Protein chains: 2
Amino acid sequence: MELSTTAYVVLGMLREQPRSGYEIKQAVDNSTRFFWAASYGQIYPELKQLAAAGLVKGEPHSQGERKSTVYRLTAAGRKELRRWLEREPKTFEMRDEGLLKLFFSVAASPESAAQSIATKRRYHENKIEQLRAIEPLAKSSADPYPYIVLRHGIELSEWTIGWCERAERELGRESRRRAA
Amino acid sequence: MELSTTAYVVLGMLREQPRSGYEIKQAVDNSTRFFWAASYGQIYPELKQLAAAGLVKGEPHSQGERKSTVYRLTAAGRKELRRWLEREPKTFEMRDEGLLKLFFSVAASPESAAQSIATKRRYHENKIEQLRAIEPLAKSSADPYPYIVLRHGIELSEWTIGWCERAERELGRESRRRAA
DNA sequence: GCATGCATGTAAGGAGTTACATGATTCA
DNA sequence: TGAATCATGTAACTCCTTACATGCATGC
């Protein structure tokens, strides 16, 4: 049984309660998005395949008047999730266009280098705001892991902002040195 | 003119000297790999397309007996690189399977959580070693930017190792608390 | 003579995003 | 009544990796 990592994200999001595809997407956007994103274009087909494989089971659900299909883990699905969790993680990837531009900045104006850093800093300032907004919820949960991971996100962005400030000062010194 | 980011990596790697596809791949592996990787399967087709678009020019080259095609930036290619460098960076993505497993760890044994963190720590310890190996070369260059970016890589991995150690201690306290 | 590295490429497939499409419901 | 949100899905496309294929050159 070879599943994509995003399939395990779907399974994982059903670990505590049944959810619809729409709710899984919301849960991803409120938690794992910054280190593993998923779009509707993945989630809905994935749910179908997981149901066909017997790892989840969909049931029609009506709350009030609105109808949806909520999925729950089957015993096989829970076992498969656990099996995956117990294997060593493999994938670690970054795609950072800002660092890339900074790397090549000798081929552009010093202002572009500064801009690449400033954009990076703003991205992480914004990210911290979003993460802090969900922090109270995560902190109050009985499950300690999501909060630990959330703290990773916040602290990583704090570190990155600090790095950007140091790099900005360094480039400032550099350009004054060249001007002198 | 809509180019992929990896096309700009190729252009960027030609900013200072002409290189063959093989040499571009080596340069990527020794520098941008950790925040923007590229495979032969991308580089060679990309070089053809860039040549067809007039942004690079390939010339047969023989050093000793070995023959290769080295590419250099055309004026249009240099201009396009510069134009890209001066736009704000957009893409910032992470795919961290270790954080994902840690996030879902309530559905597995406490040992899996510890293992996810330990694997993450080892990955970054290994990465630091690789980056330190290329540090002297980067430091001695007249172009200051690659060294700044390399320092980012080293310091980020150092920070991550520190985070892993803190998380390990926290999980240790947590499990002792539950055992008590 | 053989392994390693240099050097270039293609084909197939997986993973993921984006845009599009549809329709119901809720709230202002 | 109209905008926003809930809810589900598909099609086209891009990007990228992996596996495969080839052949020469170098050094042990």
Side-chain angles (χ1 to χ4, degrees), chain A residues 1-11 13 18-30 32-52 56 58-71 84 90-97 100, chain B residues 1-10 13 18-30 32-52 56 58-71 90-97 100:
Chain A
M1 193 142 19
E2 279 307 306
L3 300 177
S4 67
T5 304
T6 300
Y8 290 107
V9 173
V10 170
L11 292 181
M13 286 302 174
R19 284 181 156 133
S20 66
Y22 190 85
E23 287 166 336
I24 290 172
K25 167 69 167 152
Q26 282 184 310
V28 166
D29 285 346
N30 280 315
T32 67
R33 163 161 68 125
F34 290 112
F35 53 93
W36 210 287
S39 62
Y40 288 123
Q42 284 177 278
I43 290 170
Y44 285 113
E46 205 63 81
L47 279 168
K48 279 197 172 176
Q49 285 172 244
L50 290 171
V56 303
E59 287 151 19
H61 177 82
S62 314
Q63 59 148 10
E65 285 315 300
R66 225 163 229 160
K67 56 186 185 314
S68 63
T69 308
V70 296
Y71 294 85
W84 172 73
K90 282 194 164 52
T91 305
F92 181 85
E93 285 169 23
M94 268 181 76
R95 297 252 144 185
D96 188 331
E97 198 187 340
L100 203 53
Chain B
M1 193 140 22
E2 278 308 306
L3 300 177
S4 67
T5 305
T6 301
Y8 290 108
V9 174
V10 170
M13 287 301 175
R19 283 179 157 136
S20 67
Y22 190 85
E23 288 166 335
I24 290 172
K25 167 70 166 149
Q26 282 183 309
V28 166
D29 285 346
N30 279 315
T32 68
R33 163 161 68 124
F34 289 111
F35 54 92
W36 210 288
S39 63
Y40 288 124
Q42 285 176 278
I43 291 170
Y44 285 113
E46 204 63 80
L47 278 168
K48 279 196 173 177
Q49 285 172 244
L50 290 170
V56 303
E59 287 152 17
H61 177 81
S62 315
Q63 59 149 8
E65 284 316 298
R66 224 160 231 162
K67 58 186 182 322
S68 64
T69 308
V70 296
Y71 293 84
K90 284 195 164 49
T91 304
F92 182 86
E93 286 169 23
M94 267 181 78
R95 297 254 144 185
D96 188 332
E97 198 186 340
L100 203 53

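So that the names make sense, note that chain A is the first sequence line, chain B the second, and so on, each numbered from 1. This is a predicted model, so every value here is computed, not measured.
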Inset, instruction - Measure the spacing between CG of Leu3(A) and CG of Leu11(A) and express it to the nearest 0.5 Å. - result: 6.5 Å

Legend entry - 5' precedence on DNA chain D between Pro45(A) and Thr6(B) (nearest-nucleotide basis): Pro45(A)

Inset, instruction - May I have the distance from Ile43(B) (atom CD1) to dT18(D) (atom C1'), rounded to whole angstrom? - result: 15 Å

Inset, instruction - Output yes when at least one side-chain N/O atom of Arg95(A) is less than 4.0 Å from OP1 or OP2 of dC15(D), else no. - result: no

Legend entry - Minimum side-chain heavy-atom gap Arg19(B)-Val10(B) below 4.5 Å: no

Inset, instruction - Would you indicate what Gly41(A) reaches in the nucleic acid, counting non-hydrogen atoms under 4.0 angstrom: base, sugar-phosphate, or nothing? - result: base

Inset, instruction - Select from Ala37(A) and Gln26(B) the residue whose nearest nucleotide in DNA chain C is closer to the 5' end of that strand. - result: Gln26(B)

Legend entry - Spacing between Lys67(B) atom NZ and dG9(C) atom P, to the nearest angstrom: 12 Å

Inset, instruction - Kindly compute the distance separating CZ (Phe92(A)) from CG (Leu100(B)), expressed to the nearest 0.5 Å. - result: 13.0 Å

Legend entry - Distance test, side-chain N/O of Gln42(B) to OP1/OP2 of dC15(D), below 4.0 Å: no

Inset, instruction - From the options dT8(D), dA7(C), dG16(C), select the nucleotide whose nearest atom is closest to the side chain of Ser20(A). - result: dT8(D)

Inset, instruction - Give Thr5(B) one of three labels, base, sugar-phosphate or nothing, depending on what nucleic acid heavy atoms sit under 4.0 Å from its own. - result: nothing

Inset, instruction - Can you pull out how bent the helix from dG1(C)-dC28(D) to dA28(C)-dT1(D) is, comparing the axes over its first five and last five pairs, to 10°? - result: 30°

Inset, instruction - Would you give the length of the straight line joining atom CG of Leu47(B) to atom OG1 of Thr69(B), rounded to the nearest 0.5 angstrom? - result: 9.5 Å

Legend entry - Reported CD-to-CE distance for the pair Glu93(A) and Met94(B), which is rounded to 0.5 angstrom: 10.5 Å

Inset, instruction - Take the protein atom CD of Glu23(A) and the nucleotide atom P of dA7(D), then report the distance between them rounded to whole Å. - result: 6 Å

Legend entry - Rounded distance [0.5 Å steps], OG in Ser20(B) versus OH in Tyr44(B): 6.0 Å

Inset, instruction - Nearest whole angstrom, please: distance from the P of dG9(C) to the CD1 of Ile24(B). - result: 11 Å

Inset, instruction - Ignoring backbone atoms, test whether Tyr40(B) places a side-chain nitrogen or oxygen under 4.0 Å from the OP1 or OP2 oxygen of dG9(C). - result: no

Inset, instruction - In whole angstrom, give the distance that lies between atom CG of Asp29(B) and atom P of dA7(C). - result: 15 Å

Inset, instruction - Could you pick out which residue, Glu93(B) or Leu47(B), lies toward the 5' side of DNA chain C when each is mapped onto its nearest nucleotide? - result: Leu47(B)

Legend entry - Tyr44(A) OH to dC6(D) P, straight-line distance once rounded to whole Å: 11 Å

Inset, instruction - Determine the contact category for Ser39(A): base if any of its heavy atoms lies under 4.0 Å from a base atom, sugar-phosphate if only primed atoms, P, OP1 or OP2 are that close, otherwise nothing. - result: base

Legend entry - Interatomic distance where CD belongs to Gln49(A) and P belongs to dG16(C) [whole Å]: 12 Å

Inset, instruction - Indicate whether the side chain of Ser4(A) and that of Glu46(A) have a donor and an acceptor atom separated by less than 3.5 Å. - result: yes

Inset, instruction - Please state whether the phosphate of dC6(D), meaning OP1 or OP2, lies under 4.0 angstrom from any side-chain nitrogen or oxygen of Tyr22(A). - result: yes

Legend entry - Atom pair distance, as rounded to whole Å: CD in Glu46(B) and P in dG9(C): 13 Å

Inset, instruction - Ignoring backbone atoms, establish whether Lys48(B) has a side-chain N or O less than 4.0 Å from OP1 or OP2 of dT10(C). - result: yes

Inset, instruction - Nearest 0.5 Å please: distance from the CZ atom of Arg95(B) over to the CZ atom of Arg95(A). - result: 11.0 Å

